[in-house]
Amino acid sequence: MSRRFNQKKEAFEILNEELSDLIPIEQRILKKEQEGQIRAEEPKTRQQIPQAWLDEQAALFKKYKLVERVYRFYRNIIQNMSSNIICTDMAWCITFMNANAAKTLGFAIDELLGKNLTDLFADPAKDGRIIDLMLLTNKRFESKEVTMKSRSGQTIPIGFSTSALIENDEQIGVIIVFRDLTETQVMRKQVERMERLATLGELATGIAHEVRNPLGGIKAASQVLEESFDQYDSRLELVSRIVREADRVNNLLMDFFKFAKPVKPSQNYHDIETIIDSIYLLLAAQIKVKRIQFKEEFSDVVPKIYADANQIEQVLMNVFLNALQAMPEGGTLTVRAHATTISNNPQVTWSEDILDKDMPFVAIEVADTGIGIPK
């Protein structure tokens, strides 16, 4: 708020006190009568006071109240808006700031009024030139970025726009509207990281495709050799292993493609015990090296599940690997599977899409004796 406006406000407050003594006029006259101050020539009733004078005073008081109401209205808007506003004079001294601007910088408003704006810049030599340019050329800035220092000394990235503060066709200062860009910069970095990962994913997909081409040639050549050897030839096992390893690499590449570009699930009925056994076979070597005991506890009747076998296998594989990592000194990995219903598991959160609370499900529980998960 400019000093001129503060002076006008003080004048209005003084006027308000003076006018409040005139209304109602009868109370003023009665007070003077009691104090013996009424002169003979002074009118003693409202009827003896010129109506024009009363109308003039009432109109003046009404205008003042209107100005005061408008002032309070705009003050509340500026002080409660989410944007940060700072006004300076032509010497960069801060003449006004709203509550949100002071809060963003960690100061009280009174602490910053009268201070030089450059004192808040993290790099006054660099960022001060922007204000210099605006003051000298009356240039407006849109979406510029600088860094400011909070009261705690923390550097805050600021995005701001400026405009000239004009009074009586003369520039008396600068209006700066700014916002804290801390969260925006975090999101910007996340977007950049996602873009890099997307580019890396496209590159990896291309490389994987290129790997599959020679892999197919290796497998085809190995199969030709496999057919040329006698069944008792010792080299047959080596060639057969080349074919198996080529198939294994191809399956790994297919899993990578599914991860990079998920496909629609292919659901069918599967035996969950068979899926768990296949996972155990893949991890058997790790389980043995880590001295982990693997236990399966299946109920007598476990219905088949309707799901995508590959996706269920990936989920359980990740859970098993987490369990193995949580038991570096060995332990026990237990897998349970049993039929249940929602009604029998009130402590479990189920999807709201399930309306039939007695519909049977297959519950798969995985437990380990490792270090556990921090709260």
Side-chain angles (χ1 to χ4, degrees), residues 1-19 56-57 59-151 156-181:
M1 194 66 63
S2 66
R3 293 187 179 88
R4 295 184 183 180
F5 196 88
N6 286 330
Q7 293 173 355
K8 293 177 182 179
K9 179 176 178 294
E10 293 174 0
F12 276 127
E13 291 175 349
I14 296 172
L15 178 61
N16 186 26
E17 293 180 2
E18 294 178 351
L19 292 177
E56 180 183 353
Q57 300 303 313
L60 180 62
F61 188 74
K62 185 177 181 180
K63 289 180 180 178
Y64 161 68
K65 283 296 183 183
L66 177 61
V67 172
E68 183 184 41
R69 188 162 59 248
V70 172
Y71 160 74
R72 291 182 182 277
F73 175 73
Y74 283 109
R75 184 189 65 180
N76 288 334
I77 289 178
I78 293 173
Q79 290 295 345
N80 294 307
M81 66 192 308
S82 59
S83 298
N84 306 298
I85 300 177
I86 290 180
C87 295
T88 71
D89 58 18
M90 299 300 288
W92 296 12
C93 289
I94 299 174
T95 57
F96 169 82
M97 71 171 11
N98 67 349
N100 208 54
K103 181 180 178 181
T104 298
L105 298 174
F107 291 90
I109 294 178
D110 294 340
E111 292 179 299
L112 295 178
L113 291 180
K115 288 187 175 295
N116 197 292
L117 181 63
T118 54
D119 294 340
L120 298 177
F121 288 158
D123 189 354
K126 174 185 175 183
D127 299 330
R129 290 198 297 268
I130 296 178
I131 303 298
D132 276 338
L133 182 61
M134 200 207 67
L135 292 177
L136 293 174
T137 64
N138 195 19
K139 181 179 177 61
R140 296 169 63 100
F141 288 97
E142 296 289 342
S143 302
K144 290 291 184 179
E145 295 186 13
V146 296
T147 53
M148 286 187 170
K149 295 182 299 184
S150 66
R151 184 172 188 172
I156 304 175
I158 295 294
F160 72 96
S161 300
T162 65
S163 58
L165 181 59
I166 305 296
E167 185 174 315
N168 297 326
D169 297 327
E170 178 186 356
Q171 181 177 353
I172 62 172
V174 181
I175 303 172
I176 303 171
V177 181
F178 69 93
R179 60 192 179 95
D180 188 348
L181 296 180

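- Going from atom CD1 of I176 over to atom OG1 of T88 covers 5.0 Å, rounded to the nearest 0.5 Å.
- Between the side chain of N168 and the main chain of E170, no donor-acceptor pair closer than 3.5 Å is present.
- Closest heavy-atom contact between M148 and F121: CE-CE2, 3.6 Å.
- Rounding to the nearest 0.5 Å gives a distance of 6.0 Å between OG1 of T147 and CG of D123.
- With a 4.5 Å cut-off on side-chain heavy atoms, F160 and I86 do not count as touching.
- Going from atom CE of M97 over to atom CD1 of I78 covers 13.5 Å, rounded to the nearest 0.5 Å.
- Of all heavy-atom pairs spanning T104 and D180, the tightest one is CG2-CB, 4.2 Å.
- Summarising the geometry of I175 relative to I85, their closest heavy-atom pair is CG2-CG2, 4.3 Å, with the distance given to 0.1 Å.
- Annotation for L105 and K149: closest pair CD2-O, 4.4 Å, computed over non-hydrogen atoms.
- One finds the CD1 atom of I77 at 14.5 Å from the CZ atom of R72 (value rounded to the nearest 0.5 Å).
- In plain terms, the two heavy atoms of S83 and V177 that are nearest each other are CB-CG1, 4.1 Å.
- For the atom pair CG of L113 and OG1 of T95, the computed distance is 8.0 Å after rounding to the nearest 0.5 Å.
- The two atoms that bring I109 and Q79 nearest to each other are CD1-OE1, 4.3 Å, heavy atoms only.
- How far CD1 of I156 is from CG of L120: 9.5 Å, rounded to the nearest 0.5 Å.
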